[in-house]
J.: 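Take a look at this one; I'll ask things after.
The structure displayed is predicted, hence computed values, not measured ones. Chain letters run A, B, ... following the sequence lines, proteins first and then strands; every chain starts at 1. Just so it is clear, the values below take in all heavy atoms, side chains as well, and ignore hydrogens, waters and symmetry mates.
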Number of protein chains: 2
Amino acid sequence: MSQSRMPSLELVQDSKVLLQKGYRVTSYDVAKRAGVSQSAVSRCFKPGASVSKKMRDRVMKAVAEMGYQPNAIARSLITRRSNLVGVILSDFTSLHYPEVLFELNHGFSNRGVHILLFTLHRERDVDEIIEQVFQYQVDGVVVAATLLPEQIDRFEERNLPLVFFNRTIQDRSVSAVCCDQAAGERLLVNALVNAGHKTFGVISGPEDSLVSVQRTAGARDRLSELGFDNVPILQGDYSYDSGQQGARELVDRFKGQLDAIICANDVMAIGCMDTLRKEFSLEIPDDISVVGFDGITPAIWSGYDLTTIRQPVKQMSEAAVDMVMDRVDNPDKVPEMRVFSGNMQNGSSARIL
Amino acid sequence: MSQSRMPSLELVQDSKVLLQKGYRVTSYDVAKRAGVSQSAVSRCFKPGASVSKKMRDRVMKAVAEMGYQPNAIARSLITRRSNLVGVILSDFTSLHYPEVLFELNHGFSNRGVHILLFTLHRERDVDEIIEQVFQYQVDGVVVAATLLPEQIDRFEERNLPLVFFNRTIQDRSVSAVCCDQAAGERLLVNALVNAGHKTFGVISGPEDSLVSVQRTAGARDRLSELGFDNVPILQGDYSYDSGQQGARELVDRFKGQLDAIICANDVMAIGCMDTLRKEFSLEIPDDISVVGFDGITPAIWSGYDLTTIRQPVKQMSEAAVDMVMDRVDNPDKVPEMRVFSGNMQNGSSARIL
DNA sequence: TTGTACGCGTTATCAC
DNA sequence: GTGATAACGCGTACAA
């Protein structure tokens, strides 16, 4: 069996090696060619290993000639580190999470870590995905989805670093990086009230989204503090359509007496704006103001120029990467939560001073 | 060393096993507990293996009690299949590719294959990424980026299945799934001309993008066939800004005599529309028509309601998955190219019959 | 049907 | 500094 290796290597005149289709060069092959031991080859790829220059040169020559590359899978098996992290995302279509994924990938790849991607199509397959994440021996996981307590338990049993992205779990200490949703909404409300808006409507996200709950509560509470009580809160689901629907209901209800609509995310705010303009011929922001939350790319398009809270995605992602890798290296660290403030992005969708 | 295993397992009263933090249960542990051989455990996880019911029950009981899950890394090492595919994406921010990634992930995960994600930040690190893809022993690769011939060679040397997504390489046979760019543009041009448009402007994508070249050429050629020669073609870069800039230049050049602008993608078309409306107070489509290409989500927002060619992303992704997996199972298959037609999505951004 | 023994390709440990 | 040798956790030919 191990002799089947012999005929698969052929020496050609320019001292390069031609490989049989699909044959994989191993450190053993390199060692044989360089006339050294296999462990010597291995050491040459280990940073800070003690290898003489002469040895290293001989090995690297053979490596170059044969196009050898270490097998990361075999390495993972022995080192018990895969340099793989799982990233679990729900609502991938939201225009916001692709940006997060991009930044996460950037941060991890800077540390030689690669992303194994999982997206949730139905919430029911979370358990299935967790199994697969475990099977691939990832070093850690970033989750932008809601996990059940039992599911979190499974990570803790394995002592597998888990960091939530913009999710917090009540009555439970977990690592998480978040944008301060409530504070962001308060900024928006302050600006709207300062500019003289009197009547407000709110369109929330799905009720099972804690982020949405926090945003909506933040807006409601600040409005209340400033003397605006009983502000109507409509239930949306983060989608463009639900933004449109919310706009229709609010306009109907207020019969033109509405000053501002506060949406729990940008996509709904955009749906809102389109409907206010198209279906009710309202001028934004002269007749009515609209604000959102997230800071997605279309928000800055001049067709919308949305006033919103931009989440510091870059910083948040970098923090998430830090936290995962930190816990990979120090398994005994306690959960930590990092909260970032969003930046007010002042567009022309709201009449603000 | 191998005895250090013993103290790490503790039996508790309900016959469940409590594991030491971070301890990994192996098939050997399960075997010991079930009183069978390790290979028996292995067989229980192999579909279609010959295992008696009694044996399977005993094993599965131990599996459940210990929370055993096969180590995919170790399995990959011996089977020489990682069930991992690399996905290499450039311009991830384009609003179009996240959707592609989502569909690819869907398709692969239906086949028990997982995605290792790579995004290009600078074009220069393609070589680096290819090395990493190889090191992780992926079973195949989907690439939505431009590779140099030498880079393609490296895949062929390894006989590693490679499928391009919306990229074709000239003078070279590679597997690829594409949308028929030229045909799509011809559909758009036909519709515009039939509706009486007389003067046209084109905004292309980056010149190193073959897709853009094909789209632009498709539009130019069809216009020429229909008697419209010397249509001005402006160089864009797929960005919103370049769409805006293109609109300004075209309007300036035509002094209000422009009937339609054909953009090489939706994002530029949207930039175009915003600028035509805001800066030139033009009515769309009454004063001027705008068409795009891709079918991104914002294109259907009523603020734009863009007339465009929607790429059949689902079908294309499914085809890419098929092609990769097909070549994984049949390494000797020759490269194949599948071309899909785009669907005309008739919005109100163009005055069309 | 089941168990034994080996190998996948690497790193770690230990003598030398 | 270098080379044997033993893991890592699993799949599988082979013998029983």
J.: Output the rounded distance in Å from CD (Q38(A)) to C1' (dA12(C)).
T.: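 So the two atoms are 11 Å apart, to the nearest Å.
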
J.: Quick check on dT2(D): is either OP1 or OP2 less than 4.0 Å from any side-chain nitrogen or oxygen of S52(A)?
T.: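 Yes, such a contact exists.
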
J.: What is the distance, rounded to the nearest whole Å, between atom CZ of F45(B) and atom P of dG9(D)?
T.: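 To the nearest whole Å, that distance equals 15 Å.
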
J.: Could you tell me the separation between the NZ atom of K46(A) and the P atom of dT2(D), rounded to a whole number of Å?
T.: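 Distance check: K46(A) NZ to dT2(D) P gives 15 Å.
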
J.: Are OP1 or OP2 of dG3(D) and a side-chain N or O of S37(A) less than 4.0 angstrom apart?
T.: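 For S37(A), the contact criterion (side-chain N or O under 4.0 Å from OP1 or OP2 of dG3(D)) is met.
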
J.: Report yes if some heavy atom in the side chain of L117(B) is under 4.5 Å from a heavy atom in the side chain of L101(A); otherwise report no.
T.: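 L117(B) vs L101(A): side chains touch.
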
J.: May I ask you to say what V51(A) touches in the nucleic acid, namely base, sugar-phosphate or nothing, with a heavy-atom cut-off under 4.0 Å?
T.: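 Sugar-phosphate, no base atom in range.
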
J.: Counting only side-chain N and O atoms of R80(A), is one of them less than 4.0 Å from OP1 or OP2 of dG9(D)?
T.: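 For dG9(D), OP1 or OP2 has a side-chain N or O of R80(A) closer than 4.0 Å.
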
J.: Should D57(B) and K53(B) count as an ion pair when the cut-off is N to O under 4.0 Å?
T.: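 A salt bridge links D57(B) with K53(B).
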
J.: Ignoring hydrogens and angles, tell me if any N or O in the side chain of S175(B) forms a donor-acceptor pair with the backbone of E336(B) under 3.5 Å.
T.: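 Side chain of S175(B) to backbone of E336(B), a donor-acceptor pair under 3.5 Å: yes, one is there.
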
J.: Given dC10(D), dG11(D), dC8(D), identify the nucleotide with an atom nearest to the side chain of L77(A).
T.: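 Of all the options, the side chain of L77(A) is nearest to dC8(D).
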
J.: Taking only the side-chain heavy atoms of R75(A) (C-beta and beyond), determine which of dT2(D), dG3(C), dT10(C) contains the nearest atom.
T.: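 Nearest to the side-chain atoms of R75(A), counting from C-beta on, is dT10(C).
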
J.: Which listed nucleotide (dT2(C), dC10(D), dT10(C)) is nearest to the side chain of S50(B)?
T.: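 Shortest atom-to-atom distance from the side chain points to dT2(C).
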
J.: Report which part of the nucleic acid S39(A) touches: base, sugar-phosphate, or nothing (heavy-atom distance under 4.0 Å, all strands).
T.: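 Since a base atom lies under 4.0 Å of S39(A), the category is base.
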
J.: Name the nucleic acid region contacted by Y68(B), choosing base, sugar-phosphate or nothing; use a 4.0 angstrom heavy-atom cut-off, strictly under.
T.: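 Sugar-phosphate, no base atom in range.
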
J.: If you only use heavy atoms from C-beta on, which nucleotide in dG9(C), dT2(C), dG3(D) is closest to the side chain of V36(A)?
T.: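 Of the candidates, dG3(D) comes closest.
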
J.: Grab the OH-C1' distance between Y136(A) and dC10(D) for me, whole Å please.
T.: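 After rounding, the reported distance stands at 13 Å.
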
J.: What's S42(B) touching, base or sugar-phosphate or nothing? Going by heavy atoms closer than 4.0 Å.
T.: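 Base, at least one base atom sits under 4.0 Å.
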
J.: Could you walk me through whether Y68(B) and F45(B) satisfy the ring-ring contact (aromatic ring centres under 6.0 Å, His included) test, starting with their C-alpha distance in whole Å, then the side-chain angles of each, then the deciding distance to 0.1 Å, before giving a yes or no?
T.: CA-CA 11 Å; Y68(B) 168 75; F45(B) 284 87; 5.5 Å; yes

J.: Hey, are R158(A) and E131(A) close enough for a salt bridge, meaning a charged N less than 4.0 Å from a carboxylate O?
T.: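 Judged by the 4.0 Å cut-off on N to carboxylate O distance, R158(A) and E131(A) do not form a salt bridge.
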
J.: For the side chain of T26(A), starting at C-beta, report the closest nucleotide among dG11(D), dT11(C), dG9(C).
T.: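 Closest of the options to the side chain of T26(A): dG9(C).
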
J.: Figure out the CZ/C1' separation between R24(B) and dA7(D), and round it to whole Å.
T.: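 Rounded to the whole Å, the gap is 14 Å.
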
J.: Between dT10(C) atom C1' and I78(B) atom CD1, what is the distance in whole Å?
T.: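 Between C1' of dT10(C) and CD1 of I78(B): 14 Å.
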
J.: Between dG9(C) atom C1' and Q135(B) atom CD, what is the distance in whole Å?
T.: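 Taking atom C1' of dG9(C) as the reference, CD of Q135(B) is at 13 Å.
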
J.: Consider the side chain of A74(B), meaning its heavy atoms from C-beta on, and name the nucleotide among dA12(C), dC10(D), dG9(C) that approaches it most closely.
T.: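 That would be dC10(D).
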
J.: Rounded off to whole Å, could you give me the CD1-to-C1' distance for the I73(A) and dT11(C) pair?
T.: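 To the nearest whole Å, that distance equals 15 Å.
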
J.: So, does the side chain of R56(A) form a donor-acceptor pair with the base of dG1(D) at under 3.5 Å?
T.: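 By the distance-only test, no, there is no pair.
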
J.: With a 4.5 Å cut-off on side-chain heavy atoms, are N71(A) and Q137(B) touching?
T.: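 Yes, close enough: below the 4.5 Å cut-off.
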
